[in-house]
Amino acid sequence: MNCELFERWWCIYFRHTRKNSKLAYYLRGGLMLLTPRWLCRLRKQRLFRKFQRMSDNEKHLITERVNYYCNPVIPASIPADAPRIGKMTLRHRVKFNGGKMNSVYFFDSYEYSRCFPKDKQWLFFGGDCNYNFPQPVITKARLIAPNGDTNNNVLLNMDKVRHFTWIYDPFKWEEKNGMVLFRGDATGKPARQRFMQMWQEHPMCDIESTGKMALYDHLKYRYIMALEGYDVASNLKWVMSSNSVAVMPRPTCETWFMEGRLIPGYHYIEIAPDFHDLIEKIEYYESHPDEAKAIVRHAHEWVRQFQDKEREDIISLMVLDRYFQLTGQ
């Protein structure tokens, strides 16, 4: 095995230059089902006590995120016959408006809902979501409300095995290829189709909608497109944890990652919604590498706030607690 192949193998299997393991995720989910709910409630109490002992600055940062995720700031009612959290099981995982959800939405919500009494009620939607509900609904994504307006979609971190991947990037900026990379399914996604039609043949672009490409090979490029699909761009989180720069139009949807708070030119390279200025922007940052590397640093700072598991647990539990309070429970 030559040095390059060994480095690739080492990074992928021992440095996490890859996607999250679904096998490990489902094994952990199975263990959650075996854990008594009373133990989970004790853990919730312990985490809430820890929050009370935190510094004022830490409390402020956590409370600010809870307020952001749970945006309906005034009490709102849900139907009297809304599902009870104890009724949703792995075998019976139905969205409140019909249809069976993927199991990842069950596990990601059950991780926190099991810490509350079974008779608590909620409206829960498990799936891609690029619209806003008229009533308070727990969901993965929502449209970004203009000017910080209230929003009935209450965000919980779901489908995180696919979306929340943090990676080790073995390549420095100077070692990367100064081209734009895009790999993603464009079926039924008009914006991605337009992007591909415009730039697929350009010599500064490596663009395909088919064929799998390992994350290790993505990281050889300085500029990686993060284009929204049905809701958010699922690759944005790992791109921002790498030494490459995310390139995208200003996002229209957001998740637990708070895409609505990302600053263009600071956390990512913003291009026009019609993609016409892509090459112009890339040529600018190729001529100003220090500015591009500053974006990488700022992206890493943004990612860092999501990497403390215990703090993420506290925020998730506080979001659900706030939801139950706002809905009169």
Under 4.5 Å between side-chain heavy atoms, counting indirect links through other Ile/Leu/Val/Met/Phe/Trp/Tyr residues: same cluster for [X] and [Y] or not?
X    : Y    : answer
I269 : I263 : no
L23  : F107 : no
F116 : L39  : no
L181 : I282 : no
L227 : V232 : no

We want to know whether [X] and [Y] form a side-chain donor-acceptor pair, criterion being a heavy-atom distance below 3.5 angstrom.
X    : Y    : result
T255 : E259 : yes
N67  : R322 : yes
D108 : Y25  : yes
D185 : T187 : yes

Quick check for you: to the nearest 0.5 Å, what is the distance between [X] atom [atom1] and [Y] atom [atom2]?
X    : Y    : atom1 : atom2 : result
L61  : N57  : CG    : CG    : 4.5 Å
R43  : C115 : CZ    : SG    : 7.0 Å
M196 : E201 : CE    : CD    : 9.5 Å
L326 : I78  : CG    : CD1   : 11.0 Å
K95  : K100 : NZ    : NZ    : 12.0 Å
Y284 : E291 : OH    : CD    : 3.5 Å

Is the backbone N or O of [Y] less than 3.5 Å from a side-chain atom of [X], with the two atoms forming a donor-acceptor pair by type?
X    : Y    : answer
R8   : Y216 : no
H163 : D159 : no
Q305 : W302 : yes
N235 : M225 : yes
T17  : Y168 : yes
H267 : H300 : no
N151 : L143 : yes

Can you see which heavy atom on [X] is nearest to which on [Y], and at what distance?
X    : Y    : value
G178 : M204 : O-CE, 4.0 Å
P264 : L262 : CD-O, 3.6 Å
A233 : K237 : O-NZ, 4.2 Å
T165 : V161 : OG1-O, 4.0 Å
R37  : I85  : NH2-CD1, 4.4 Å

Throw together a table of side-chain donor-acceptor distances under 3.5 angstrom for residues 243-250, partners on residues two or more places apart or in other chains.
from: N243; atom 1: ND2; to: F171; atom 2: O; distance (Å): 3.0
from: S244; atom 1: OG; to: K176; atom 2: NZ; distance (Å): 2.9
from: S244; atom 1: OG; to: Y221; atom 2: O; distance (Å): 2.6
from: R250; atom 1: NE; to: E270; atom 2: OE2; distance (Å): 3.1
from: R250; atom 1: NH2; to: E270; atom 2: OE1; distance (Å): 3.3

Q: In sequence, state the C-alpha distance, the side-chain angles, and the governing distance for C205 and I279, and then conclude on side-chain contact (heavy atoms from CB on, under 4.5 Å).
A: CA-CA 9 Å; C205 298; I279 301 304; 4.0 Å; yes
Check whether any side-chain heavy atom of [X] sits under 4.5 Å from a side-chain heavy atom of [Y], and report yes or no.
X    : Y    : result
N157 : F306 : no
I207 : F195 : yes
L215 : K19  : yes
P136 : Y323 : yes
N153 : Y131 : no
R142 : N71  : yes
Q325 : D321 : yes
Y223 : E286 : yes

**Q.** Cation-pi, Y105 ring and K140 (6.0 angstrom, 45 degrees)
**A.**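 Cation-pi check for K140 and Y105: fails.
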Q: Please determine if R114 forms a cation-pi arrangement with F106, meaning its NZ or CZ atom is less than 6.0 Å from the six-membered ring centre and no more than 45° off the ring axis.
A: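 Geometry flag: not set, cation outside 6.0 Å or 45°.
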(Q) H218 vs W238, test: ring-ring contact (aromatic ring centres under 6.0 Å, His included). Steps then yes/no. (A) CA-CA 11 Å; H218 281 72; W238 69 255; 5.4 Å; yes
Q.
Please evaluate residues Y110 and L33 with respect to the criterion side-chain contact (heavy atoms from CB on, under 4.5 Å), reporting the C-alpha separation (whole Å), side-chain torsions for both, the decisive distance (0.1 Å), and the verdict.
A. CA-CA 9 Å; Y110 181 75; L33 295 176; 3.9 Å; yes
Answer yes when [X] and [Y] have at least one side-chain N-carboxylate O distance shorter than 4.0 Å, and no when they do not.
X    : Y    : value
E111 : K160 : yes
E312 : R65  : yes
R261 : E254 : no

(Q) Is it the case that atom CD in E174 sees more than 12 heavy atoms from other parts of the structure closer than 6.0 Å? (A)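 Enclosed.
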Q. With a cut-off of 6.0 Å (strictly less than), are more than 12 heavy atoms of other residues, nucleotides or ligands near NZ of K172?
A.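 Atom NZ in K172 is not crowded, with 12 or fewer foreign heavy atoms closer than 6.0 Å.
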Q: Check the pair Y266, Y268 against ring-ring contact (aromatic ring centres under 6.0 Å, His included), reporting the backbone distance first and the verdict last.
A: CA-CA 6 Å; Y266 188 85; Y268 67 96; over 10 Å; no
Q: For the residue pair W166 and F164, categorise the inter-ring angle as parallel (less than 30°), tilted (30 to 60°) or perpendicular (more than 60°).
A: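 Perpendicular.
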Q: Name all residues meeting the salt bridge (charged side-chain N to carboxylate O under 4.0 Å, His left out) criterion together with K281; count only those two or more places apart in sequence or in a different chain, and write none if there are none.
A: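 Expected list: D277.
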Kindly list each side-chain donor-acceptor pair under 3.5 angstrom involving residues 118-127, sequence neighbours excluded, with atom names and distances?
from: K120; atom 1: NZ; to: Q329; atom 2: O; distance (Å): 2.6
from: Q121; atom 1: NE2; to: A80; atom 2: O; distance (Å): 2.9
from: Q121; atom 1: NE2; to: A82; atom 2: O; distance (Å): 2.9

Q.
Among R183, Q200, K220, exactly one meets side chain to side chain donor-acceptor pair (under 3.5 Å) together with D206. Which residue is that?
A.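 Exactly one pass, corresponding to R183.
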Q) Could you walk me through whether Y112 and I138 pass the side-chain contact (heavy atoms from CB on, under 4.5 Å) check? A) CA-CA 12 Å; Y112 303 108; I138 302 289; over 6 Å; no
Q: Might you work through the side-chain contact (heavy atoms from CB on, under 4.5 Å) test for F51 and T63, ending with a clear yes or no?
A: CA-CA 10 Å; F51 170 77; T63 303; 3.8 Å; yes
